[in-house]
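Quick notes on the structure that follows.
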There are 2 protein chains.
Amino acid sequence: MDDDKVFKALADPNRRQLLDRLCERNGQTLGQLCEAMDMKRQSVTQHLGLLEQANVISTQRRGREKLHFINPVPLYEVYERWIRKFEEGRLALLHDLKQELERNEK
Amino acid sequence: MDDDKVFKALADPNRRQLLDRLCERNGQTLGQLCEAMDMKRQSVTQHLGLLEQANVISTQRRGREKLHFINPVPLYEVYERWIRKFEEGRLALLHDLKQELERNEK
DNA sequence: AGTATATGCAGGTAATTACCTGCATGTCAA
DNA sequence: TTGACATGCAGGTAATTACCTGCATATACT
């Protein structure tokens with residue numbers, strides 16, 4: 001997996017909105033996704049392309065339609081590799097802070 | 001908090017590397033952080049500025065030095081608001097898959 | 001076949017971004 | 001005060017990005 005592509009894919013609010021839409025209803029067509037977005041179809045295609053390259057969504061053709069599905073795995077992996085680390089740092093900081101406070105109480 | 005700034009701050013590999021360095025040792029100066037980075041000091045300053053605007057790091061002056069501290073709270077909030085949602089979707093998918101497999105076994 | 005629909009592809013422009021160089025300011029220590 | 005060191009600020013360039021318009025292709029329906 002390419003961490004960087006996932007992060008970059010998530011860096012745009014329009015792309016996060018697209019993921020939101022797919023969270024609500026998975027397997028939507030390009031046209032359906034366009035309805036929710038305030039931009040031209042071609043721009044939406046571009047955003048979806050980045051999401052697909054990041055492996056955050058996958059697609060499947062059904063006749064002339066293209067269905068889009070969310071793939072939560074890379075998102076979870078990013079969480080595992082990155083956010084969790086900082087979360088642990090956060091807990092450690094809170095722990096330090098607690099110790100600090102307790103020391104001052106004495 | 002501004003989700004977007006946090007996502008954009010994380011979108012760059014150099015900035016993630018800076019966070020990594022601060023994870024290893026918190027409270028480093030600009031100069032110290034520059035040693036690890038393959039770019040000019042001014043560029044590092046710029047990256048640190050974005051991280052600070054996203055409230056992912058905070059700074060503190062000590063004489064002529066500027067110390068940088070990681071702030072894991074917004075990272076955790078981003079996880080809570082975003083990644084966790086997809087994680088739940090992932091679990092739901094796995095659940096569906098399991099049911100699917102079980103149905104096929106019969 | 002002919003028309004409508006869903007998507008793909010090419011290319012162009014404006015805004016943003018990531019670097020850089022050069023110089024200014026502020027702090028420490030002798 | 002002077003010299004060394006740590007950082008701040010201004011501005012410039014090349015690359016990337018996010019849109020767009022226009023046209024092409026593929027599928028479906030009558």
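Each chain gets a letter, A, B and so on, in the order the sequences are listed, and its residues count up from 1.
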- Between the side chains of E52(A) and S58(A), does any donor sit under 3.5 Å from an acceptor? no
- Message: So if I take every side-chain heavy atom of T29(B) and compare against dT7(D), dC20(D), dG8(C), which nucleotide ends up nearest?
- Response: dT7(D)
- Let me know the distance between CG of L48(B) and C1' of dC9(D), rounded to the nearest Å. 16 Å
- Task: Kindly indicate whether the side chain of V56(A), heavy atoms from C-beta on, has any atom under 4.5 Å from the side chain of V73(A).
- Result: no
- Query: Is there a donor N/O on one and an acceptor N/O on the other, under 3.5 Å, for the side chain of R64(B) and the base of dG8(D)?
  - Reply: no
- Starting from P on dT7(D), measure out to CE on M37(B) and report it in whole angstrom. 15 Å
- Rounded to the nearest angstrom, tell me the gap between atom CG in D4(A) and atom P in dT16(D). 13 Å
- Gap between atoms CZ and P, on R62(B) and dA6(D) respectively (whole Å): 12 Å
- Message: Any N or O donor-acceptor pair under 3.5 Å from the base of dG8(C) to the side chain of R41(A)?
- Response: yes
- When you check the gap from the basic side-chain N to the acidic O, do R16(A) and D4(B) get nearer than 4.0 Å? yes
- Item | Whole angstrom value for the distance that separates C1' of dT16(D) from NZ of K5(A) | 15 Å
- Item | Given dC19(C), dT21(D), dG8(D), the nucleotide with the shortest approach to the side chain of Q42(A) | dT21(D)
- Should N14(B) and D38(B) count as side-chain neighbours, where that means a heavy-atom distance under 4.5 Å? no
- Message: Let me spell it out: for each of S43(B) and L30(A), pick the nucleotide of DNA chain C with the closest heavy atom. Which residue's pick is nearer the 5' end?
- Response: L30(A)
- Task: Specify the residue among K66(B) and K8(A) whose closest nucleotide of DNA chain D lies further upstream toward the 5′ end.
- Result: K66(B)
- Item | Closest-nucleotide 5' rank along DNA chain D - winner of E65(A) and M39(A) | M39(A)
- Task: Rounded off to whole Å, could you give me the CD-to-P distance for the Q60(B) and dT7(D) pair?
- Result: 14 Å
- K40(A) NZ to dA6(C) C1', straight-line distance once rounded to whole Å: 16 Å
- Query: OP1 or OP2 of dC19(C) sitting under 4.0 Å from any side-chain N/O of H47(B)?
  - Reply: yes
- Message: Do L22(A) and L33(A) make a side-chain contact, defined as non-hydrogen atoms from C-beta onward lying under 4.5 Å apart?
- Response: yes
- Query: Short question: side chain of R15(B), backbone of K8(B) - any donor-acceptor pair under 3.5 Å?
  - Reply: yes
- Task: Please list, by residue number, the residues of residues 9-18 of chain B whose heavy atoms come closer than 4.0 Å to an atom of DNA chain D; answer none if no residue qualifies.
- Result: none
- What is the distance, rounded to the nearest whole Å, between atom CG of D38(B) and atom P of dC19(C)? 10 Å
